[in-house]
There are 2 protein chains.
Amino acid sequence: MASITNSSQNNSRPYTFTLNQLRKVGLRPTRQRLALAKLLFKDGNNRHVTAEDLHSEARREGIGVSLATVYNTLHQFTQKGLLREVIVESSRTYFCTNTSDHGHFFYEKSGRLLDIPADSIEISRIPPTPDGAEIKDIDIIIRIDS
Amino acid sequence: MASITNSSQNNSRPYTFTLNQLRKVGLRPTRQRLALAKLLFKDGNNRHVTAEDLHSEARREGIGVSLATVYNTLHQFTQKGLLREVIVESSRTYFCTNTSDHGHFFYEKSGRLLDIPADSIEISRIPPTPDGAEIKDIDIIIRIDS
DNA sequence: ATAGCTGCAAATGCTTTGCAAGGCC
DNA sequence: GGCCTTGCAAAGCATTTGCAGCTAT
């Protein structure tokens, strides 16, 4: 799907989208954050990346970012609601660009993660929390052995 | 709930249960494995421990076990179907003594984990896997912010 | 100008591994 | 006796942190 045009002209999300998005959540649109946000959101809302993934991708595209900054940025984005953390493996943390309510298919062998649209799965009879505590989130992971 | 009798007389599971259980799955009943198994299963099937937890507990009771052996043992038990791994945090791995199908409440602040009986929750309309792959497991985690 | 960011490298913390010594069958 | 286990310490890895220098506004 690569084209000959340079990557900054090649995004479905225009520059101003990313920029405004950062401003809106109160993060200074620095070069690194802009670049990472563009990578993350350019193909719509269906990416699942690790810090390592995103760091490699950035470097591959010639963006100078340190791994530490990628980690910091991913956590900032998550905190601001631009990303969602998905915990499926103890060894790696995935970040998901789809912040709406949904579950995941997880291919354990390949490490691939796939969204399950909220309307294609349904939990009936959610039990009450033992102490009446408020539910923050419900994670559903369907594990697949391949 | 502590009594004055020594801990080995104090278990709801008799010694031979643990011993046979180990034999049955093909693990040599060594001193360490027996001791850890007794700790894990003594209070029925509702424990959620980390390696660190179990290691501390063992040492508190005067059982000489190294942390590495606790890790190895937990993984062996898991592999043999005596335990189940629960992944809720990227920083820690929990092991659950309840191997039947069930979900979990997870109290994020305190790190407490609580079983959700399978019959008190239900997923309706499980979506087919994209490629017809076989489902290995479905994890349900209800996160609570306290 | 200045508060906030970034990069690097070092530190951290959980988990795994290598290998010699010990224990079960 | 022979093979599986254990223990320890060291290694491994993903992630976090401290701090000096940079940069948006």
Side-chain angles (χ1 to χ4, degrees), chain A residues 15-16 18-39 48-59 62-80 82-83 85-95 111 113, chain B residues 15-16 18-39 48-59 62-80 82-83 85-95 111 113:
Chain A
Y15 179 86
T16 49
T18 308
L19 191 125
N20 288 334
Q21 192 158 353
L22 288 181
R23 282 205 221 283
K24 194 162 44 186
V25 300
L27 288 174
R28 257 203 215 160
T30 62
R31 183 174 59 76
Q32 290 85 343
R33 294 212 266 241
L34 275 168
L36 295 178
K38 276 206 257 185
L39 287 180
H48 299 90
V49 299
T50 64
E52 204 69 63
D53 289 341
L54 188 58
H55 185 234
S56 309
E57 192 177 336
R59 297 193 90 80
I63 300 159
V65 198
S66 74
L67 182 56
T69 296
V70 173
Y71 271 107
N72 291 335
T73 303
L74 287 172
H75 284 132
Q76 290 154 356
F77 285 8
T78 302
Q79 203 178 341
K80 301 297 188 178
L82 265 40
L83 291 177
E85 214 172 326
V86 186
I87 301 177
V88 284
E89 275 192 320
S90 40
S91 57
R92 250 195 303 274
T93 302
Y94 289 83
F95 293 86
L113 213 42
Chain B
Y15 179 86
T16 50
T18 309
L19 190 126
N20 288 334
Q21 192 158 354
L22 289 180
R23 281 205 220 283
K24 193 160 47 187
V25 298
L27 288 174
R28 258 200 216 162
T30 62
R31 182 174 61 78
Q32 290 84 345
R33 293 213 265 240
L34 275 168
L36 294 177
K38 277 206 257 183
L39 287 179
H48 300 90
V49 299
T50 63
E52 205 68 63
D53 289 342
L54 188 58
H55 185 234
S56 308
E57 192 177 335
R59 297 192 90 79
I63 300 159
V65 199
S66 74
L67 182 57
T69 297
V70 172
Y71 271 106
N72 290 336
T73 303
L74 287 171
H75 284 132
Q76 290 155 354
F77 284 9
T78 301
Q79 203 178 342
K80 300 298 187 175
L82 266 39
L83 292 177
E85 215 173 325
V86 186
I87 301 177
V88 285
E89 276 192 318
S90 40
S91 56
R92 251 196 302 276
T93 303
Y94 289 83
F95 293 85
L113 213 42

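Sequence lines set the chain letters: A, B, ... in the order given, protein chains first and strands last, and positions in each chain run from 1. Note that the structure is predicted; figures quoted are calculated from it, not measured.
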Quick one: list whatever passes side chain to side chain donor-acceptor pair (under 3.5 Å) with B:Q32, sequence neighbours left out. none
Base, sugar-phosphate, or nothing for A:S90, non-hydrogen atoms under 4.0 angstrom? nothing
Excluding sequence neighbours, so at least two apart, what forms side chain to side chain contact (heavy atoms under 4.5 Å, CB included) with A:A68? A:S66
Check ring-ring contact (aromatic ring centres under 6.0 Å, His included) between B:F77 and all other residues, then give those that pass, not counting sequence neighbours. none
D:dA14 C1' sits how many Å from A:E85 CD, rounded? 13 Å
Atom CD of A:E52 and atom P of D:dT16 are separated, to the nearest Å, by 13 Å
With sequence neighbours excluded, residues passing side chain to side chain donor-acceptor pair (under 3.5 Å) with B:H55: B:R59
Can you check the A:R92 CZ to D:dT16 C1' distance for me, whole Å? 19 Å
Please identify the 5'-most and 3'-most nucleotides of DNA chain C with any atom under 4.0 angstrom from a heavy atom of chain B. C:dC14 to C:dC25
D:dA14 phosphate, OP1 or OP2, under 4.0 Å from A:T93 side-chain N/O: no
For A:D53, give me all partners under side chain to side chain contact (heavy atoms under 4.5 Å, CB included), at least two apart in sequence or on another chain. A:V49, A:T50
Identify, with sequence neighbours excluded, every residue that meets side chain to side chain contact (heavy atoms under 4.5 Å, CB included) alongside B:E89. B:S91, B:R92, B:Y94, B:F106
Listed partners of A:F95 passing ring-ring contact (aromatic ring centres under 6.0 Å, His included), at least two apart: A:H75
Scan the side chains in residues 24-31 of chain B for donor-acceptor partners under 3.5 Å anywhere in the protein, sequence neighbours excluded, and list what turns up.
from, atom 1, to, atom 2, distance (Å)
B:T30, OG1, B:R33, N, 3.3

Looking at five pairs on each end of the helix from C:dA1-D:dT25 to C:dC25-D:dG1, what is the angle between the two axes, given to 10 degrees? 30°
Do A:I63 and A:L39 have side chains that approach each other closer than 4.5 Å (heavy atoms only, starting at C-beta)? yes
Of B:R23 and B:T50, whose closest DNA chain C nucleotide lies nearer the 5' terminus? B:T50
Do B:V88 and A:I87 have side chains that approach each other closer than 4.5 Å (heavy atoms only, starting at C-beta)? no
Classify every nucleotide of nucleotides 6-13 of chain D by which part a protein heavy atom approaches to under 4.0 Å, writing B for the base, S for the sugar-phosphate alone and - for neither, in 5'-to-3' order. SBBB----
Can you sort out the partners of B:S90 under side chain to side chain donor-acceptor pair (under 3.5 Å), two or more places apart, ordered by chain and number? none
Looking at D:dT16, I'd like to know if its phosphate oxygens (OP1 or OP2) sit under 4.0 Å from a side-chain N or O belonging to A:H75. yes
Taking atom C1' of D:dT15 as reference, at what distance in whole Å does atom CG of A:L54 sit? 15 Å
